[in-house]
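Proteins come first, then strands; the chains are lettered A, B, ... in the order of their sequence lines, and each starts at number 1.
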2 protein chains.
Amino acid sequence: MSKLGSAPTLDDVAKLAGVSTATVSRCLNNPGQVVEATRLRVQSAVDALGYMPNFAARVMAAKRSSTIGAIIPTMENAIFARGLQAFQEELHQHGYTLLVSSSAYEPEIEEEQIKTLVARGADGLLLIGHDRHPRIYENLERWKIPALVAWSYLPDAQLPCIGFDNRAAMAELANHVIGLGHTRIGVISGISAGNDRARLRINGIQDAASQHGLDPSDLTIIETPYEIENGASAFSEVMSQNIPPTAVLCGNDVLAVGALHRAMEMGLNVPRDISITGFDDIELARIATPALTTVHVPHREMGRRAASALIGMLENQASGHGNPLATHIVERQSLGPPPDA
Amino acid sequence: MSKLGSAPTLDDVAKLAGVSTATVSRCLNNPGQVVEATRLRVQSAVDALGYMPNFAARVMAAKRSSTIGAIIPTMENAIFARGLQAFQEELHQHGYTLLVSSSAYEPEIEEEQIKTLVARGADGLLLIGHDRHPRIYENLERWKIPALVAWSYLPDAQLPCIGFDNRAAMAELANHVIGLGHTRIGVISGISAGNDRARLRINGIQDAASQHGLDPSDLTIIETPYEIENGASAFSEVMSQNIPPTAVLCGNDVLAVGALHRAMEMGLNVPRDISITGFDDIELARIATPALTTVHVPHREMGRRAASALIGMLENQASGHGNPLATHIVERQSLGPPPDA
DNA sequence: TTGTAAGCGTTATCAT
DNA sequence: ATGATAACGCTTACAA
């Protein structure tokens, strides 16, 4: 019997409708199994009481939550926003709810968040990138909870993944930059430790350098957390060398916008005096001044595909594996030939 | 008895440690009540099994979840990011977990999200702004679930609130603009229906106009969803009048950045040819070109205070009511005197 | 200090 | 088509 002022329960509804709790439960979950007349009676009892099923009780009894958990590195900028949005839209269409939390790029926080999400009964997990402690993969296996990695495609990863080839994508851009005549190149990267996307993008630049006969160890590489302000500081640092670079490739658009801003403050004209590029193609890249030349990532499609793949793993024991997504360079105004060309 | 390959339960831990489930539960929740020796034994059983308490079961048994739900209008831009971040940090310090969902500025979605969060056992709710269907307030009361409104302070609101006076804040800015000599003023607002913040900011501008002997009905007001692109279109529209305004006040920084960008595309110099202002003081405002003159909102403090107030309501039946927070104008480069002054 | 056992609100398996 | 009833995994009086 429900106490006054608490949320009504299945039992309250059943009593009011004059049926058993089992019937009420069926009305809610398998309306087809119940005859029209009873269904109507139950429905009005539900409405009258403002009944809402108790989620915890439902999860316990059904042993599934129709909930997917996602742990993303940050919500502070738009890097993951579009992809996650598409991910959640696709999940919603299939009757799943998304629970999101962020790890602030901290491995320990990510591990804690994974536990929290599993404890909350998530049926499956979306993780960003591959770099994490082996213990986490062991636990996931032990708990038998399907997980999918996004934002990074690796052919031989431990977990199925939906994403793009960060290394090749950045190499393509770097090749283009070098092809324009740049030989002194600065790199402003995110912190690469524990972040395969950042690491692979650096590798991509190194690949392109080697390929063009440049010495990869001549690259000036600065690593800094993905924040606009840090992009600005790193730009100052990279430009303060004896022979400053003529092009600065940034690990993402956020860093690039910071660099762009600092260049302006330093009285440098982009791209006449210095070229700057980004990665991701978030909205910021379009509205920056000058608009940012960057690598376009198909965020929405990645989110959609990740959702389908994960649902496939949950419902059809599908492998979840797919093919890498294609990226492409978006040429805007921040990249040009080197000044002395 | 737990089946192989499922997550271990309290019972498994109890058996392994040779104690009752009650004792294991105490070790986890009130370690003080248990003697050192047993505690250690239990702890190693927990570790050995990789035990994680089942959240749903815990919520059912304890009848509280230590979870707070927040429904914010959007995650797509940074408007709510900082405040929410501070909110969640403060909650975390007090042992609460935050569950966030977004309503996309849709009243029906918000209502659905509230139900979902309540069904999931949220102990309390954070809502943005006051405008919503009375039924929602009735339900909240019926379910006896404490809720707090943030981002808008209203002295006689139905729910306790932590926020600032949107009307006065915008009036202060408008007064400043008019004081500079502007008489033809355009307004690019968010959709005001169902959004008291947007509505009150418009009212603030109207207040300032009246106060200076201008006719509030002479203001050109365009309402459009908070997106950069919309700010740009609205700017075109507001400038296409016979006698265009010399200053355009935007309902938030996102719209203002769009307007700024379009002004540049139109070959207008800001602020020489046209002044543009924002509201919120998000990071975007600082890095825009030119940097945006805007109203600074103490987002982090608001988030912190909201968390404290809500926890107070949950734990000490405190009223949750506080005083309005102060805002202030941040003068940067997008506002100047009118061209003909 | 520790154990026993009664719930918590559903779902799902049997009967009927 | 519907009704009993046994789980589900945990917390918390109450007993010992």
Side-chain angles (χ1 to χ4, degrees), chain A residues 1-3 6-43 45-46 49-67 118-121 123 143, chain B residues 1-3 6-43 45-46 49-67 95 115-116 118-123 143:
Chain A
M1 176 64 48
S2 91
K3 293 183 296 288
S6 308
T9 72
L10 246 205
D11 218 59
D12 298 325
V13 177
K15 287 214 172 65
L16 183 59
V19 296
S20 74
T21 61
T23 299
V24 179
S25 177
R26 284 186 202 104
C27 283
L28 268 31
N29 302 305
N30 304 76
Q33 295 183 13
V34 123
V35 82
E36 171 101 15
T38 4
R39 195 167 59 228
L40 258 39
R41 209 141 34 88
V42 168
Q43 188 53 55
V46 165
L49 292 163
Y51 169 77
M52 280 284 299
N54 178 309
F55 183 76
R58 174 175 283 195
V59 170
M60 279 205 68
K63 292 196 261 196
R64 59 190 155 62
S65 63
S66 297
T67 291
V118 171
R120 278 176 181 271
D123 294 335
W143 300 326
Chain B
M1 175 65 47
S2 94
K3 293 183 295 289
S6 310
T9 71
L10 245 206
D11 217 59
D12 297 324
V13 178
K15 287 215 172 65
L16 183 59
V19 296
S20 74
T21 61
T23 299
V24 179
S25 176
R26 285 186 199 105
C27 283
L28 268 30
N29 302 305
N30 304 76
Q33 295 183 12
V34 125
V35 81
E36 172 103 14
T38 9
R39 195 167 58 226
L40 258 39
R41 208 140 35 86
V42 169
Q43 187 54 54
V46 165
L49 266 46
Y51 168 77
M52 282 283 301
N54 177 310
F55 183 76
R58 173 176 281 194
V59 170
M60 279 204 70
K63 291 197 269 200
R64 58 190 157 63
S65 62
S66 297
T67 291
K115 284 193 184 170
T116 302
V118 171
R120 275 176 182 273
D123 295 335
W143 298 328

Trainee: With sequence neighbours excluded, what pairs up with A/Thr21 under the side-chain hydrogen bond (donor to acceptor under 3.5 Å, both in side chains) test?
Mentor: none
Trainee: Once you round to the nearest 0.5 Å, how far does OH of A/Tyr51 lie from CG of A/Leu28?
Mentor: 6.0 Å
Trainee: Any pair with a residue in residues 27-36 of chain B that passes salt bridge (Lys or Arg N to Asp or Glu O under 4.0 Å), sequence neighbours left out, goes on the list, sorted by first then second residue, please.
Mentor: B/Glu36-B/Arg39
Trainee: Got a sec, which pairs hit salt bridge (Lys or Arg N to Asp or Glu O under 4.0 Å) with one end in residues 49-61 of chain B, sequence neighbours left out?
Mentor: none
Trainee: Please report the distance, rounded to the nearest Å, between CZ in A/Arg41 and C1' in D/dA1.
Mentor: 12 Å
Trainee: Given axes from five pairs at either end, by how many degrees does the helix from C/dT1-D/dA16 to C/dT16-D/dA1 bend, rounded to 10°?
Mentor: 30°
Trainee: Below 4.0 angstrom from OP1 or OP2 of C/dT1, is there any side-chain N or O of B/Thr38?
Mentor: no
Trainee: Is B/Thr23 near enough to C/dG3 that one of its side-chain N or O atoms lies under 4.0 angstrom from OP1 or OP2?
Mentor: yes
Trainee: Starting at CG of A/Leu40 and ending at P of D/dA1, how long is that distance when rounded to a whole Å?
Mentor: 16 Å
Trainee: Restricting to salt bridge (Lys or Arg N to Asp or Glu O under 4.0 Å), what partner residues turn up for B/Arg26, sequence neighbours left out?
Mentor: none
Trainee: Using a heavy-atom cut-off of under 4.0 Å over every strand shown, decide if A/Val59 touches base, sugar-phosphate, or nothing.
Mentor: nothing
Trainee: Whole angstroms only, please: what is the CG-C1' distance between B/Asp12 and D/dG9?
Mentor: 10 Å
Trainee: Not counting sequence neighbours, which residues clear side-chain hydrogen bond (donor to acceptor under 3.5 Å, both in side chains) with B/Gln33? List them please.
Mentor: none
Trainee: What string of B, S and - do you get for nucleotides 10-16 of chain C, 5' to 3', if B is base contact, S is sugar-phosphate-only contact and - is no contact with any protein heavy atom under 4.0 Å?
Mentor: BBBB---
Trainee: Taking only residues two or more places apart in sequence, or in another chain, which ones meet B/Thr116 in a side-chain hydrogen bond (donor to acceptor under 3.5 Å, both in side chains)?
Mentor: none
Trainee: Going by the rule side-chain hydrogen bond (donor to acceptor under 3.5 Å, both in side chains), which residues pair with A/Thr67 if we only count those two or more places apart in sequence or in a different chain?
Mentor: B/Arg120
